[in-house]
Amino acid sequence: MELSSRIKSVQPSATIAMDARAKQMKAQGLDVVDFGVGEPDFDTPDFIRAAAKAALDAGDTKYTPAAGAKLKAAIVQKLKRENALEYTTDQVLVTFGGKHALYNAFQVLLEPGRKVLIPAPYWVSYPEQVKLAGGEPIFLPTGPEKGFKITPQDLLARAGEARVLVLNNPSNPTGVTYTPQELKALAEAVLKTELIVFADEIYEKLIYGDTKFVSFASLDERLGERTLTFNGLSKTFSMTGWRLGWVAGPADVIKAMATLASQQTTNPVSFAQAGALAAYSDPAAAAEVEAMRREFERRGRRMWERLNAMEGVSCVQPTGAFYCFPDVSAHYGRKLGEAKVAGSMDFAAACLEQIHVAVVPGAAFGEDRCVRLSFATGMEQIEAGLDRLEKLLG
Ligand SMILES: Cc1ncc(COP(=O)(O)O)c(C=O)c1O
């Protein structure tokens, strides 16, 4: 069957593909260490599951009026309490995960020829979603030598050509975070332009050491009318399978996104919304989130230290999210076991096939020198996988 040119231009998600291959090998009985996954390994906290079960038992199984009305009010409270952001419920839309919110935002703001600034390395879905909306990505390269961060100069050099800037902080795949000062400097640069900012803050709670998180839109009151803040429950509350995310921004954009959703997905799952409502309003939440954060911090530090001690590996310290993104390019051009390695694709393939360790090639994120390892897996797995990697590289 002849498929549309729209879908033919889109790459399937490399991270999901790597995960599928690792799962297939596990199903064959192989002892695979999976550093490919981008999801917390913890169960969703009990009180959230209990709220969703209670909603199901109470018959909360129908279409919900407007997308997530009660939940929207709780999100408005959360934004005020935790992010110093003032919104009303007509400025919030609840979606099927943060990915869906981003997708719909590109759909309502882009048009053929409209360009989007995407700092590279980037989360795999941004460029593909831009293309699906008829837009064009412009990549702003960073690299380990710049700590994987863009500067105001990088932004201003290309701002005239673009409509939107995507700012993902903390970052997937690099694990780096912008300091409040760096973010403020970027905000000042943005205010000199006509750019709309997509602030993807889905990893806001996963920050380490003395890292401070601030919401981009809170840095200047003029940013409110040109920023969309994206977030969701997947990473903070270990709720990836629930598919709940949201966006806050100018009411006209939110209304357009709601119109699109009304012809597309109607409302987010009714009883999942009840779980999310508990996540944002139950006082038990903070301690649960903090326990998960602390464990990620311990694992991330260990993984980073061990990677940096390996032959030909150099890794920027992750201060957020749950990824290490080491530069392994010193190994390109040599053989790892049986396989000749020319780039990150070969490197990842050698890891998976020869030592049964799944990592994601940096090429998928626009940085071929690196590979991504997730530390959203248990400490035993981390030690075992890194033992194997050390041996392969040594
Ligand atoms: C940077 C970033 N943004 C958004 C998302 C979307 O997550 P979800 O659709 O599960 O809310 C992800 C998930 O991996 C991510 O890494």
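Note that the numbering runs from 1 along the sequence shown for the chain. When a ligand or atom number is given, it counts from 1 through the structure's own listing order. These numbers were taken from a predicted model, which means no experiment stands behind them.
- No more than 12 heavy-atom neighbours from other residues, nucleotides or ligands sit within 6.0 angstrom of CZ on Arg6.
- Take Arg21 and apply the side chain to side chain donor-acceptor pair (under 3.5 Å) test, not counting sequence neighbours, and it matches Gln24, Glu353.
- Through direct or indirect side-chain contacts shorter than 4.5 Å among Ile, Leu, Val, Met, Phe, Trp and Tyr, Phe271 is connected to Leu56, Phe96, Val269.
- Using modelled atom types and a 3.5 Å distance limit, the side chains of Trp242 and Thr44 yield a donor-acceptor pair.
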Put together the list of close N/O pairs, under 3.5 Å, between ligand 1 and the protein, could you?
| from | atom 1 | to | atom 2 | distance (Å) |
| --- | --- | --- | --- | --- |
| ligand 1 | 3 (N) | Asp200 | OD2 | 2.6 |
| ligand 1 | 9 (O) | Gly98 | N | 3.2 |
| ligand 1 | 9 (O) | Lys99 | N | 3.0 |
| ligand 1 | 9 (O) | Arg243 | NH2 | 2.7 |
| ligand 1 | 10 (O) | Ser234 | OG | 2.6 |
| ligand 1 | 10 (O) | Arg243 | NH1 | 2.8 |
| ligand 1 | 11 (O) | Gly98 | N | 2.6 |
| ligand 1 | 11 (O) | Ser234 | OG | 3.4 |
| ligand 1 | 14 (O) | Lys235 | NZ | 2.7 |
| ligand 1 | 16 (O) | Asn172 | ND2 | 2.8 |
| ligand 1 | 16 (O) | Tyr203 | OH | 2.9 |

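- Among residue pairs with one or both ends in residues 281-305, those qualifying as ring pair (Phe, Tyr, Trp, His ring centres under 6.0 Å) are Phe42-Phe296, Phe296-Phe322; sequence neighbours excluded.
- Between Glu136 and Arg114 there is no salt bridge, since none of the side-chain N atoms of the basic residue sits less than 4.0 Å from a carboxylate O of the acidic one.
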